[in-house]
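Notes to accompany the following structure.
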Amino acid sequence: MSAAENTVKLDIVSDVMCPWCFVGKRRLEKALENTDPNISVEINWLPFQLDATLPPEGKDRQLYLSDKFGGKENADKFYQTIKQAGEGEGIDFDFDAIKVSPNTLDAHRLIAWAGQQGDEPQNQMVELLFKAYFQDGKNIGDHAVLTEIAIEAGMDAKQIAARLKSEDGLLETRQAIDHAQQIGVSGVPCFIFDGKYGVSGAQAPETLAMAIKKIAAGEGL
């Protein structure tokens with residue numbers, strides 16, 4: 001296996017208000033645990049918005065569920081499958097704790113800024129955002145909340161607060177979201193290997209591990 005074949009570039013198109021993306025992250029982690037240690041997987045998280053119409057301040061969660069599912073009862077039925085999937089991956093979803101359905105545009109900016117520091121800082125940021133939203137019920141569209149998460153990730157609070165108030169990265173984030181739609185991404189998570197091969201959905205660890213192995217061997221999918 002050559003050095004080039006030893007490295008697999010993996011772009012993950014995701015939205016941090018998507019529960020299946022959290023499940024997909026856990027399953028990818030399992031896949032990586034079972035990947036040949038000689039294979040290096042370079043991960044880059046890319047933005048997607050499940051609902052770009054949400055206002056910057058977000059929307060009352062109950063109103064959002066009523067509009068989307070026709071009420072909490074229907075929403076609970078929908079989320080039951082996700083909750084069970086989460087339990088299988090060690091995720092304790094607390095959907096009842098969520099009070100605001102957020103606009104995730106600024107959260108995606110934060111992920112991009114973390115990515116400027118490397119794969120691991122970006123991965124940590126995605127993890128913290130998922131936990132803040134799905135387990136702590138925090139409004140990850142709120143700048144104060146995002147700044148707190150940035151501090152937890154070891155970033156400079158004043159710098160992040162100032163950048164969030166500015167338009168820094170807004171155009172690039174919107175362009176990345178548009179690009180994902182242009183290449184046919186309609187649902188997330190979507191795993192794109194070496195910029196050519198896409199695998200949609202929160203796939204089983206075995207499926208992702210096999211995809212990584214094939215790409216590393218130069219076989220394609």
Side-chain angles (χ1 to χ4, degrees), residues 11-26 28-29 43-61 64-65 68 79 82 86 91 93-95 97-181 185 187-192 202:
D11 292 321
I12 307 171
V13 185
S14 164
D15 192 2
V16 281
M17 71 173 291
C18 166
W20 283 115
C21 291
F22 197 0
V23 172
K25 183 176 186 294
R26 283 289 180 273
L28 173 63
E29 288 164 357
I43 297 173
N44 181 37
W45 291 84
L46 297 176
F48 191 88
Q49 284 195 287
L50 290 177
D51 191 345
T53 68
L54 285 165
E57 68 275 13
K59 188 174 183 178
D60 177 81
R61 181 67 173 176
Y64 178 80
L65 294 179
K68 187 170 183 178
Y79 284 118
I82 301 171
I91 302 171
F93 283 112
D94 189 354
F95 294 114
I98 301 172
K99 304 305 178 188
V100 175
S101 291
N103 183 302
T104 55
L105 195 61
D106 288 332
H108 285 306
R109 285 202 288 164
L110 198 56
I111 292 169
W113 296 335
Q116 292 169 0
Q117 300 178 14
D119 288 10
E120 191 48 46
Q122 188 183 53
N123 198 58
Q124 180 192 16
M125 181 61 71
V126 172
E127 179 73 17
L128 290 173
L129 286 163
F130 276 141
K131 286 184 174 180
Y133 182 59
F134 287 115
Q135 296 181 312
D136 301 331
K138 294 182 178 180
N139 178 6
I140 56 172
D142 182 86
H143 285 188
V145 171
L146 292 175
T147 301
E148 288 176 5
I149 294 171
I151 293 170
E152 191 175 351
M155 301 175 81
D156 183 85
K158 287 185 178 180
Q159 184 186 66
I160 292 301
R163 291 179 82 177
L164 284 169
K165 288 180 182 177
S166 74
E167 294 191 358
D168 186 2
L170 267 178
L171 178 62
E172 292 83 356
T173 301
R174 290 191 173 112
Q175 286 176 336
I177 292 169
D178 289 342
H179 178 70
Q181 294 171 337
V185 177
V188 287
C190 182
F191 302 90
I192 303 174

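In this structure the side chain of I160 never reaches within 4.5 angstrom of the side chain of L146, judged on heavy atoms. Between E152 and E148, every side-chain heavy-atom pair lies at or beyond the 4.5 Å cut-off. Within the 4.5 Å cutoff, side-chain heavy atoms of I177 are placed close to those of L105. The side-chain heavy atoms of Y79 and L65, taken from C-beta on, include a pair separated by under 4.5 Å. Counting heavy atoms from C-beta outward, E29 and E127 have side chains that approach closer than 4.5 Å. Side-chain contact check for N123 versus K25: some heavy-atom pair is nearer than 4.5 Å. By the 4.5 Å heavy-atom criterion applied to side chains, V16 and F134 are not counted as neighbours.
Although no hydrogens or angles enter the test, the distance criterion places no donor-acceptor pair under 3.5 Å between the side chain of N139 and the main chain of V100. Under the 3.5 Å distance criterion, the side-chain polar atoms of H108 are matched with a main-chain donor or acceptor of F48. Formation of a donor-acceptor pair under 3.5 Å by the R109 side chain with backbone atoms of T173 is not found in this model. Side-chain atoms of R26 never come within 3.5 Å of backbone atoms of G86 as a donor-acceptor pair (strictly under, hydrogens ignored).
In this structure, I82 CD1 and I91 CD1 are separated by 11.0 Å, a value rounded to the nearest 0.5 Å. Between atom NZ of residue K138 and atom OH of residue Y133 there is a gap of 14.5 Å, rounded to the nearest 0.5 Å. The structure places OH of Y64 at 4.0 Å from CE of M17, a figure rounded to the nearest 0.5 Å. Taking OG1 of T104 as the reference point, atom CD1 of I111 lies at 8.0 Å (rounded to 0.5 Å). Considering CG of D136 and CG of D94, their distance stands at 8.5 Å, rounded to 0.5 Å. Rounding to the nearest 0.5 angstrom, the gap separating the CD1 atom in I192 from the CG atom in L46 is 7.0 Å.
Open room surrounds CD on E167; 12 or fewer heavy atoms of other groups in view lie less than 6.0 Å from it.
Taking both residues in full, the closest heavy atoms of D119 and I43 are given as OD2-N, 3.2 Å, listed atom of the first, atom of the second, then distance. Between T147 and A157, the shortest heavy-atom distance links the atoms CG2-O, 3.8 Å. Contact detail for C190 and G187: the closest heavy-atom pair is CB-O, 3.9 Å. Across every non-hydrogen atom of L54 and P102, the tightest pair is CD1-O, 3.2 Å. The heavy-atom pair separating G24 from F191 by the smallest distance is O-CZ, 3.9 Å. Heavy-atom minimum distance, H143 versus L164: CE1-O, 3.1 Å.
One side chain, Q49 or N103, offers a donor N or O that lies under 3.5 Å from an acceptor on the other.
Between F130 and F22, the ring planes lie parallel to each other; the angle is under 30°, not in the 30° to 60° tilted range.
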